[in-house]
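Below: the structure, in structure tokens.
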Amino acid sequence: MKIITSIQDMQARMLLEMQQGKKIGFVPTMGFLHEGHLSLMEKAGTENDIVVASIFVNPLQFGPNEDFETYPRDAQRDTKLAEEVGVDILFLPNVKEMYPQKQQIKLQVTDRADVLCGQSRPGHFDGVVAVLTKLFHLIQPTRVYFGLKDAQQVAVVDALIQDYNFPIELIGVPTVREADGLAKSSRNVYLSETERAQAAALFAALEKGRQLVVDGESNPVIIVEEVKEYVKQKTNGKIDYVELLAYPSLTKTTTVKQMVVLAIAVQFQHARLIDNLLFNEKGEIITTFSRGK
Ligand code: AMP
């Protein structure tokens, strides 16, 4: 595995790969890798000639009171894991390399950032699309892989690719979970023992909501209330939101029809956890999302 830290070296190497007509699978991450990240890299490996992964904790997507400084980092361990899973090129830039000067041009995510995490974390998705635009230009991937654990992010990347004509295929990959259902996340290390035990209730609550749809309920208000009630009973966390929206437009809907996302965010003492389920009008789980070139 080749480790590259400079933009110049990355551009030179990617030019070589492109000249050889290689199909390039790209997995952007913030590191502290777990099985969720590795599943994206593995999938990229089966569908492309080479896999490029990046590890960069992007300051632009953190709010002033968020955990940029304390976000968990372990480059040595990540490098070993990436190599083991078959990453060919690992891009590890530092903040100065990515942002040598103050941003002079900003992209702003509109509709798809007005809800869910976009509403609770103003500017977060603007920071996400800023870093992705740079990375997409640098790496020029054939396909990009994102986890549906962050379903809103997938919807925003979908809009970025459409609006700005990136010739890239977007692949949304199923959420990898712990045995009790908790979605794997780098931030899970911040949970106390008690919170960790309670955190499984997020997935259980979403499943309860989905089960209502399987049983014939189609009113989002009733489904959302049931999910909230369950989380309140089972955890000491503070519910940030529970919403049921059309997917990937993330627009409000008065009835469950076609694809929807049932999404939740809960603030524990030192970790804000998010999770979601995608399903159709029958309550059947949808585990993948893709958008062709
Ligand atoms: P992050 O490092 O948190 O920015 O995540 C990098 C990528 O890994 C994103 O596309 C995430 O959606 C994805 N990811 C994070 N957690 C999981 C998980 N539990 N299952 C699948 N993908 C995940």
Side-chain angles (χ1 to χ4, degrees), residues 25-45 51-62 66-68 70-75 77-79 81-82 85 87 90-93 98 116-118 121 124-125 127-132 134-136 139 141 143-158 160-161 168-191 196 199-200 202-203 206 247-248 261 263-265 271-278 285-291:
F26 174 45
V27 181
T29 81
M30 297 204 300
F32 213 67
L33 302 180
H34 53 66
E35 284 158 49
H37 300 113
L38 301 180
S39 76
L40 270 59
M41 294 168 187
E42 252 167 41
K43 187 165 170 61
V51 178
V52 180
S54 62
I55 295 179
F56 178 62
V57 184
N58 174 32
L60 295 188
Q61 68 190 69
F62 288 77
E66 292 183 0
D67 56 348
F68 173 69
T70 55
Y71 194 83
R73 293 162 168 90
D74 190 342
R77 180 174 163 274
D78 286 351
T79 304
L81 289 173
V85 81
V87 169
L90 183 62
F91 184 43
L92 272 175
M98 288 297 275
L116 308 176
C117 291
R121 304 180 67 190
H124 167 71
F125 286 110
V128 170
V129 296
V131 77
L132 290 179
K134 285 173 74 85
L135 292 168
F136 290 176
I139 292 157
R143 301 187 181 88
V144 285
Y145 295 81
F146 287 85
L148 283 169
K149 146 97 178 5
D150 300 286
Q152 186 172 18
Q153 177 165 266
V154 173
V156 167
V157 176
D158 178 48
L160 176 68
I161 286 175
I168 298 176
E169 195 178 333
L170 168 64
I171 317 280
V173 180
T175 302
V176 177
R177 300 179 179 281
E178 304 285 358
D180 64 359
L182 174 65
K184 292 201 182 242
S185 164
S186 306
R187 289 187 169 101
N188 290 350
V189 294
Y190 294 142
L191 297 169
R196 170 62 192 84
L202 272 69
F203 177 62
L206 294 173
Y247 195 86
V261 63
I264 185 167
R272 179 176 174 279
L273 301 189
I274 61 170
D275 201 352
N276 71 82
L277 289 178
L278 290 181
I285 287 269
I286 297 165
T287 53
T288 55
F289 175 85
S290 64
R291 180 85 75 177

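Just follow the structure's listing: the first ligand is 1, and inside any ligand the first atom is 1. Just so you know, these numbers use all the heavy atoms, side chains as well, and skip hydrogens, waters and symmetry mates.
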Provide the number and element of each atom of ligand 1 under 4.0 Å from a heavy atom of Pro28.
6 (C), 7 (C)

Closest approach of any protein heavy atom to atom 4 (O) of ligand 1, naming residue and atom
Met30 CG, 3.6 Å

Using a 4.0 Å heavy-atom cut-off, which part of Glu35 comes near ligand 1: side chain, backbone, both, or neither?
neither

Only counting residues at least two apart or in another chain, list the ones meeting side chain to side chain contact (heavy atoms under 4.5 Å, CB included) with Pro174.
Thr287, Thr288

Going by the atom numbers of ligand 1, which of them fall below 4.0 Å from some non-hydrogen atom of Thr29?
2 (O), 6 (C)

Could you tell me whether Glu66 atom CD has more than 12 heavy atoms of other residues or ligands within 6.0 Å of it?
yes

Approximate separation, where rounding is to 0.5 Å, of Arg187 CZ and Phe32 CZ:
12.5 Å

In this structure, atom 20 (N) of ligand 1 is nearest to the protein heavy atom Val176 N, 2.8 Å

In terms of residue, atom name and distance, what is the protein heavy atom nearest to atom 10 (O) of ligand 1?
Gly147 N, 2.9 Å

The reported gap from CZ in Phe56 to CG in Leu92 (rounded to nearest 0.5 angstrom) is 11.0 Å

Would you kindly specify which portion of Leu40 sits under 4.0 Å from ligand 1, judged on non-hydrogen atoms: side chain, backbone, both or neither?
side chain

For the CG atom of Asp78 and the NE2 atom of His34, what is their distance to the nearest 0.5 Å?
10.0 Å

Lys184 neighbourhood, listing ligand 1 atoms whose heavy-atom distance to it stays under 4.0 Å
16 (N), 17 (C), 18 (C), 19 (N)

List every atom of ligand 1 that sits less than 4.0 Å from any heavy atom of Phe146, numbering the atoms from 1 in the order shown and giving each element.
10 (O)

Answer yes or no: is there an ion pair linking Asp275 with Arg177, defined by an N-O contact shorter than 4.0 Å?
yes

From His37 atom NE2 to Thr29 atom OG1, the distance as rounded to the nearest 0.5 Å
5.0 Å

Please state whether Val173 comes within less than 4.0 angstrom of ligand 1, counting heavy atoms only.
no

With sequence neighbours left out, write down each residue that passes ring-ring contact (aromatic ring centres under 6.0 Å, His included) with Tyr145, or none if nothing qualifies.
none

Atom 12 (O) of ligand 1 sits nearest the protein heavy atom Asp150 OD2, 2.6 Å

Can you check whether Val144 reaches Ile161 side chain to side chain, under 4.5 Å on heavy atoms?
yes

Which bit of Pro174 gets closer than 4.0 Å to ligand 1, counting heavy atoms only: side chain, backbone, both or neither?
backbone

So which heavy atom in the protein is nearest atom 17 (C) of ligand 1, and how far is it from that ligand atom?
His34 CE1, 3.7 Å

Considering non-hydrogen atoms of the protein only, which is the closest contact for atom 8 (O) of ligand 1, and what is the distance?
His37 CD2, 3.3 Å

